[in-house]
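Note sheet for the following structure.
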Amino acid sequence: MICGLAGCFCSLIDKIFWGGSLDFLQIPNLFVFDGKDVYLTLSEVFFVILALRHNQEISAREFIRFCTDQFHTWLHQNSVKNKD
């Protein structure tokens, strides 16, 4: 959770002060990234590891249903905001 929150705060600071992300690290001929990308990727890896370790507590079907429900809720909220 700490890595995910750190990545979110870094992104927020980038958007407030610079109007977007300032990517400053580069792996030649592959991609450019910054600190927030590292933190967010680490949090994703940790979440996947936790999910695999606790896979008996929730099924993949339940997780996919939860994700799609959240996505539909997000779409509905954004469509209502855009109409206003």
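Each residue takes its place number in the sequence, starting with 1.
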*asked:* Measuring from atom CZ of F9 to atom CD1 of I16, what distance do you get when rounded to the nearest 0.5 angstrom?
replied: 10.5 Å
*What distance separates L75 CG from F71 CZ, expressed to the nearest 0.5 Å?*
4.0 Å
_Residues which pass side-chain contact (heavy atoms from CB on, under 4.5 Å) with I2, listed by chain and number, not counting sequence neighbours_ = none
*Member of L50, L52, V45 meeting the side chain to side chain contact (heavy atoms under 4.5 Å, CB included) criterion with V48*: L52
*Could you pull out the closest heavy-atom pair between G7 and K36, with the gap in Å?*
O-CB, 3.7 Å
*asked:* How close do G4 and S43 get, counting heavy atoms only, and between which atoms?
replied: N-CB, 3.4 Å
*asked:* Given 3.5 Å as the limit, does a donor-acceptor pair link the side chain of T68 with the main chain of I64, or not?
replied: yes
*Rounded to the nearest 0.5 Å, how far does CG of D37 lie from SG of C10?*
9.5 Å
_Would a single hydrophobic cluster contain both W18 and L12, if residues Ile, Leu, Val, Met, Phe, Trp and Tyr are joined by side-chain heavy-atom contacts under 4.5 Å?_
yes
_Same cluster (ILVMFWY, side-chain, under 4.5 Å), I49 and Y39_ = no
